[in-house]
> 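My structure is below; once you've seen it, I'll send some questions.
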Amino acid sequence: QVQLVESGGGLVQAGGSLRLSCAASGSIFSINAMGWYRQGSGKQREWVASITSGGSTGGSTNYAGSVKGRFTISRDNVNHTVYLQMNSLKPEDTSIYYCYGIVAETTAPGLPRHYWGQGTQVTVSS
């Protein structure tokens with residue numbers, strides 16, 4: 001089994017910064033990609049950012065237009081951890097942030113699948 005645990009959420013004022021972390025653990029053979037979704041109260045879940053495998057710290061990155069230029073995703077492949085550095089935060093960024101990993105377990109190394117964390121709350125005040 002695989003578990004993903006987020007941390008780093010909190011309450012900040014508009015214009016402030018937070019850094020989210022998400023660590024994967026368990027019977028991991030490989031992680032093809034990791035990333036973040038978010039869901040505000042009464043809103044649909046939206047994709048935020050992703051990073052593929054590659055090198056010691058990850059590969060290519062992609063961002064939603066709403067966060068591009070403000071958020072930075074990075075990855076520590078050795079420790080199976082993905083980060084989301086969030087700068088210039090806006091009230092509309094207020095959401096529960098969920099990390100995900102596309103993970104192949106040791107029991108099925110050729111069959112990667114999505115795993116999800118339980119979320120961390122980010123609240124941005126005006």
> Any heavy-atom pair between the side chains of E6 and Y98 that's under 4.5 Å?
yes
> Passes side chain to side chain contact (heavy atoms under 4.5 Å, CB included), Y97 versus M86? Steps please.
CA-CA 12 Å; Y97 284 72; M86 305 184 295; 3.9 Å; yes
> Does the side chain of N32 come within less than 4.5 Å of T52's, by heavy atoms?
no
> With the side chain counted from C-beta on, respond yes when L18 and L89 share a heavy-atom pair under 4.5 Å apart, and no when they do not.
yes
> Is the distance between the ring centroids of W116 and Y37 under 6.0 Å?
yes
> Of the non-hydrogen atoms in A49 and Y100, which two are nearest, and what is the gap between them?
O-OH, 4.0 Å
> Would you indicate whether the side-chain heavy atoms of W36 and C22 approach each other to under 4.5 Å?
yes
> Mind listing the closest non-hydrogen atom pair of S27 and V2 along with its distance?
O-CG2, 4.4 Å
> Distance check, rounded to the nearest 0.5 Å: I102 atom CD1 versus I31 atom CD1?
10.5 Å
> Could you check if a side-chain atom of I51 sits within less than 4.5 angstrom of a side-chain atom of V82, using non-hydrogen atoms only?
yes
> Which heavy-atom pair separates I96 from G119 by the least distance, and what is that distance?
CG2-CA, 3.8 Å
> So T106 and I28, do their side chains get closer than 4.5 Å, heavy atoms only?
no
> Between M34 and H80, does the side chain to side chain contact (heavy atoms under 4.5 Å, CB included) criterion hold? Intermediate values first, please.
CA-CA 9 Å; M34 301 185 79; H80 303 311; 5.5 Å; no
> Working to the nearest 0.5 Å, report the span between OG1 of T94 and CD of E92.
8.5 Å
> Looking at every heavy atom in both P91 and S126, which two are closest together, and how far apart are they?
CG-OG, 3.7 Å
> If every non-hydrogen atom of L4 is compared with every non-hydrogen atom of G101, which pair is closest and at what distance?
CD2-N, 3.5 Å
> Rounded at 0.5 Å granularity, tell me how far OG in S25 sits from CG in N79.
11.5 Å
> For the residue pair R19 and Y83, would you count it as a cation-pi contact if the rule is NZ or CZ under 6.0 angstrom from the ring centre and within 45 degrees of the ring axis?
yes
> Output the distance between atom CG (N62) and atom NZ (K68), rounded to the nearest 0.5 Å.
8.0 Å
> Using a 4.5 Å cut-off on heavy atoms from C-beta on, say whether the side chain of D93 contacts that of F71.
yes
> With no hydrogens and no angle check, just 3.5 Å: does a side-chain donor-acceptor pair link E105 and Y115?
yes
> Please report the interatomic distance NZ(K43) to CZ(R38), rounded to the nearest 0.5 Å.
7.5 Å
> Would you check, one step at a time, whether the test side chain to side chain contact (heavy atoms under 4.5 Å, CB included) holds for T72 with Y63?
CA-CA 8 Å; T72 302; Y63 299 92; 3.8 Å; yes
> Is there a donor-acceptor pair under 3.5 Å between the side chain of D76 and the backbone N or O of V78?
yes
> If every non-hydrogen atom of T107 is compared with every non-hydrogen atom of P109, which pair is closest and at what distance?
C-CD, 3.8 Å
> Determine whether more than 12 heavy atoms belonging to other residues, nucleotides or ligands lie under 6.0 Å from atom CD of E46.
yes
> Counting only heavy atoms not in R45 (residues, nucleotides, ligands), do more than 12 fall under 6.0 Å from its CZ?
yes
> Answer whether the closest heavy-atom distance between the side chains of Q39 and S95 falls below 4.5 Å.
no
